[in-house]
Protein chains: 2
Amino acid sequence: MKLRSTQKDVAEMAGVSRATVSYVLSKRQDGNIRISDDTRNRILQAVEKLEYRVNVTARGLKTKRTHLLAVLVPDLSNPFYPVLIRGAQKAAYEADHRLIVFDSFSTPEGERDFLEAALHHIADGLILSSFYLEQRDIKHLLASGIPTVGVGPRLWGSGVDVVQTDQLQAVRAVIDHLVSRGRRRIAHIAGDLTTLNGQLRLEGYRLALRVHGLEPNERLVVEGKFRREGIAERVDSFLASFAPGELPDAIFAANDVMAIEAMKAVRRRGYRIPDDIAVCGIDNIPEAEYVEPPLTTIGNDVELMGREAVSMIVDRIRHDSVKDPECREFPFELIERNSS
Amino acid sequence: MKLRSTQKDVAEMAGVSRATVSYVLSKRQDGNIRISDDTRNRILQAVEKLEYRVNVTARGLKTKRTHLLAVLVPDLSNPFYPVLIRGAQKAAYEADHRLIVFDSFSTPEGERDFLEAALHHIADGLILSSFYLEQRDIKHLLASGIPTVGVGPRLWGSGVDVVQTDQLQAVRAVIDHLVSRGRRRIAHIAGDLTTLNGQLRLEGYRLALRVHGLEPNERLVVEGKFRREGIAERVDSFLASFAPGELPDAIFAANDVMAIEAMKAVRRRGYRIPDDIAVCGIDNIPEAEYVEPPLTTIGNDVELMGREAVSMIVDRIRHDSVKDPECREFPFELIERNSS
DNA sequence: CTGAAAGCGCTAACAT
DNA sequence: ATGTTAGCGCTTTCAG
């Protein structure tokens with residue numbers, strides 16, 4: 001590591017004290033302090049000449065701010081999250097913050113590692129797509145005073161802010177759509193049922209069916225894990241388990257990546273989509289538009305969620321806010337495409 | 001922000017000095033210093049009781065290490081990069097580092113913002129997927145002494161380490177494949193030609209054609225930007241510009257996202273893939289496997305590249321290494337699927 | 001308008 | 001085997 005010039009160097013070169021340098025550089029207008037143009041220019045010149053840049057670590061030690069926000073996601077290879085992250089980054093950038101990204105690989109250990117890092121105050125704020133952290137973990141976070149926003153309904157009530165869309169309603173919209181298309185034997189590829197999201201979507205599926213006078217049938221439910229791996233195989237054997245006349249006429253998957261995998265299996269077994277079996281997902285990942293046939297799904301403005309999450313955090317950081325936790329809900333939209 | 005306990009608190013509670021606490025906690029074995037079990041236990045207990053955690057900022061100020069690695073990518077929504085990041089994260093985690101992720105949105109400004117942040121020493125090392133940074137930018141980086149590895153051939157020669165695969169060879173493999181399948185009128189959707197990667201792939205395309213005695217035809221080249229946007233439309237009008245008998249019989253796109261967009265356009269115009277027109281890409285993004293028909297492409301172990309990039313950086317960090325820049329080359333593989 | 005001085009929490013010689 | 005001490009580079013009262 002090369003030796004960097006410090007404020008002291010700048011101060012000496014400009015012939016002023018270090019405090020003055022600090023003052024000029026942090027150019028906050030609040031005070032009644034005024035620096036003469038001459039002094040200011042000398043300082044700025046010295047900065048230029050020495051290629052001086054503030055040491056963010058030293059500043060952080062003093063100000064207790066890292067200007068870092070940490071984002072926990074369960075699976076970076078699920079396109080939902082990069083979109084969220086992009087939105088977050090845009091907002092973070094505007095607020096002069098950077099993003100630490102952490103992929104938990106959907107494991108409790110990954111989430112705990114993140115928690116541990118967070119508790120070390122590696123960041124000024126947290127965005128949490130968590131499936132496994134529990135109330136007592138969140139308690140630690142709350143106690144630490146690090147502004148945190150959860151993505152999805154799961155953390156709502158635990159004391160942190162939350163951005164989410166109404167899961168039950170979203171699922172309802174899909175089922176309504178499917179039923180309106182004449183589908184009656186609607187199967188569900190559930191997400192990880194140890195997670196609230198998985199449970200909620202399954203629950204929503206059952207609720208919606210009943211609304212239409214359809215009795216949920218356990219045989220029509222397969223559990224997935226929200227991930228790509230193994231879904232095609234599972235759906236394949238799922239489909240194989242039905243007598244020809246009793247085949248489901250629709251598959252509703254708890255997210256798009258599983259829906260797309262399901263499509264693969266459906267086609268592999270020689271059924272047509274949507275003629276024989278309609279397929280729907282949730283998330284509206286970019287891929288959903290590009291698969292064949294394009295996937296009907298539920299979309300919402302994930303990038304906006306990312307931005308809002310950051311803005312909620314930054315708000316709390318800025319105002320050292322202690323107001324009650326807030327749940328910001330985002331609208332969703334049924335995106336009808338040819339898979340249904 | 002809540003008040004955290006400090007080493008001083010721990011020291012007082014354990015009845016020892018702060019140095020001893022520091023020593024026990026950083027448990028480096030190097031010295032001839034030995035702490036009695038009794039003392040150690042008292043300290044550990046105090047740590048426990050006080051829920052003490054080191055202040056990474058303070059440590060960083062002292063040690064001049066942030067334990068952060070910054071990753072610049074041009075486009076997080078291109079699945080190539082999340083995979084790279086995951087690989088990087090795994091390796092980073094093992095080496096006790098975290099990742100700052102920065103999406104430049106493929107803009108020079110984005111890249112310069114990143115550079116500026118990097119020059120502020122926000123991270124101990126950098127992974128750079130850069131299209132626009134120039135030699136003089138890199139010079140600053142080099143001068144700063146921050147270990148840096150470039151992704152792709154572009155930065156090779158500028159003084160930083162590099163991970164890459166042989167672009168020319170990779171393109172060659174695709175063209176060989178297409179020709180062996182009897183294709184002769186092979187079109188190319190080029191990447192951004194202001195970038196080395198774009199140029200290299202176009203160049204490789206021409207070279208490979210000539211090897212097979214095919215004369216490159218400028219009419220068969222469309223320029224894209226490596227991004228999804230607008231490609232389908234462009235390919236659509238590209239195809240429309242040909243008389244029925246003169247249609248290309250293959251399209252080779254400079255990356256998968258463009259190839260997939262091209263497939264859309266091809267189908268939209270009523271041509272069959274691969275019967276009428278074969279389509280190939282480069283990258284082997286997950287999506288390539290799931291589109292219909294699955295896309296023939298060039299794959300390499302991107303996750304491994306991410307890991308290796310980190311390991312090269314960590315190596316330099318650990319040893320304050322000044323050895324010559326290294327170019328680590330990764331093998332690629334032609335993945336034949338039904339689109340060709 | 002500018003300077004002096006204290007101290008953020010930690011590490012690493014150097015003492016003892 | 002443990003304690004003392006001197007900063008790391010910066011911000012921020014408080015005096016002048």
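Residue numbers start from 1 in every chain, and the chains themselves are labelled A, B, ... in the order their sequence lines are given, proteins ahead of strands.
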Side-chain contact check for A:Thr6: nearest option of C:dT2, D:dC10, D:dT12 is D:dC10
Closest to the B:Lys64 side chain, choosing from C:dC10, D:dG3, D:dG9: D:dG9
Closest approach to the side chain of A:Thr20, judged atom by atom: which nucleotide of C:dG3, C:dT11, D:dT11 is it? C:dG3
Can you tell me if B:Asp124 and B:Thr66 form a side-chain donor-acceptor pair at under 3.5 Å? yes
Only pairs at least two apart or in different chains count here, so list each salt bridge (charged side-chain N to carboxylate O under 4.0 Å, His left out) that has a residue in residues 137-148 of chain A. A:Arg112-A:Asp137
Test salt bridge (Lys or Arg N to Asp or Glu O under 4.0 Å) applied to A:Arg42 - qualifying residues, sequence neighbours left out: A:Asp38
Measure from CG on A:Leu61 to C1' on D:dC8 and round the result to the nearest Å. 9 Å
Does B:Asp113 come within less than 4.0 Å of A:Arg98, counting only side-chain N to carboxylate O? no
Results of ring pair (Phe, Tyr, Trp, His ring centres under 6.0 Å) for A:Phe102 - residues two or more places apart only: A:Phe114
What's the NE2-P distance between A:His120 and C:dC10, to the nearest Å? 10 Å
Between atom CZ in B:Arg18 and atom P in C:dT11, what is the gap in whole Å? 10 Å
Give the nucleotide from the list D:dC10, D:dG3, D:dG7 with an atom nearest to the side chain of A:Lys62. D:dC10
Can you pull the side chain to side chain donor-acceptor pair (under 3.5 Å) pairs that have at least one residue in residues 7-19 of chain A, sequence neighbours excluded? A:Ser17-A:Thr20
Checking contacts here: which listed nucleotide (D:dT11, D:dG3, C:dC10) is nearest the side-chain heavy atoms of B:Gln7? C:dC10
Of the candidate nucleotides D:dC8, C:dT2, D:dT5, which contains the atom at the shortest distance from the side chain of A:Thr39? C:dT2
Choose from D:dC10, C:dG9, C:dT11 the nucleotide whose nearest atom is closest to any side-chain atom of B:Arg59. C:dT11
Regarding A:Tyr132 and A:Asp192, do their side chains bring together a donor and an acceptor under 3.5 Å, going by distance alone? yes
Rounded to the nearest Å, what distance is computed from the CD atom of residue B:Glu12 to the P atom of nucleotide C:dC10? 13 Å
C:dG3, D:dT11, D:dG3: which one has an atom nearest the side-chain heavy atoms of B:Ala19? D:dG3
For the helix from C:dC1-D:dG16 to C:dT16-D:dA1, what angle separates the axis at the start from the axis at the finish, each from five pairs, in steps of 10°? 40°
Kindly point out which of D:dT11, C:dC10, D:dG3 is positioned nearest to the side chain of A:Ser22? D:dT11
Rounded to whole Å, CZ of A:Arg40 lies from C1' of C:dC1 at a distance of 11 Å
Tell me the interatomic distance from A:Lys8, atom NZ, to C:dA4, atom P, rounded to whole angstroms. 13 Å
Counting only side-chain N and O atoms of B:Ser17, is one of them less than 4.0 Å from OP1 or OP2 of D:dG3? yes
Value in whole Å for how far the P atom of C:dG9 lies from NE2 of A:His121: 11 Å
At under 4.0 Å, does any side-chain N or O of B:Tyr23 touch on OP1 or OP2 of C:dC14? no
Whole Å only: how far is the CG atom of B:Asn55 from the P atom of D:dC8? 18 Å
Ring pair (Phe, Tyr, Trp, His ring centres under 6.0 Å): pairs with one or both residues in residues 39-89 of chain B, sequence neighbours excluded: B:His67-B:His97
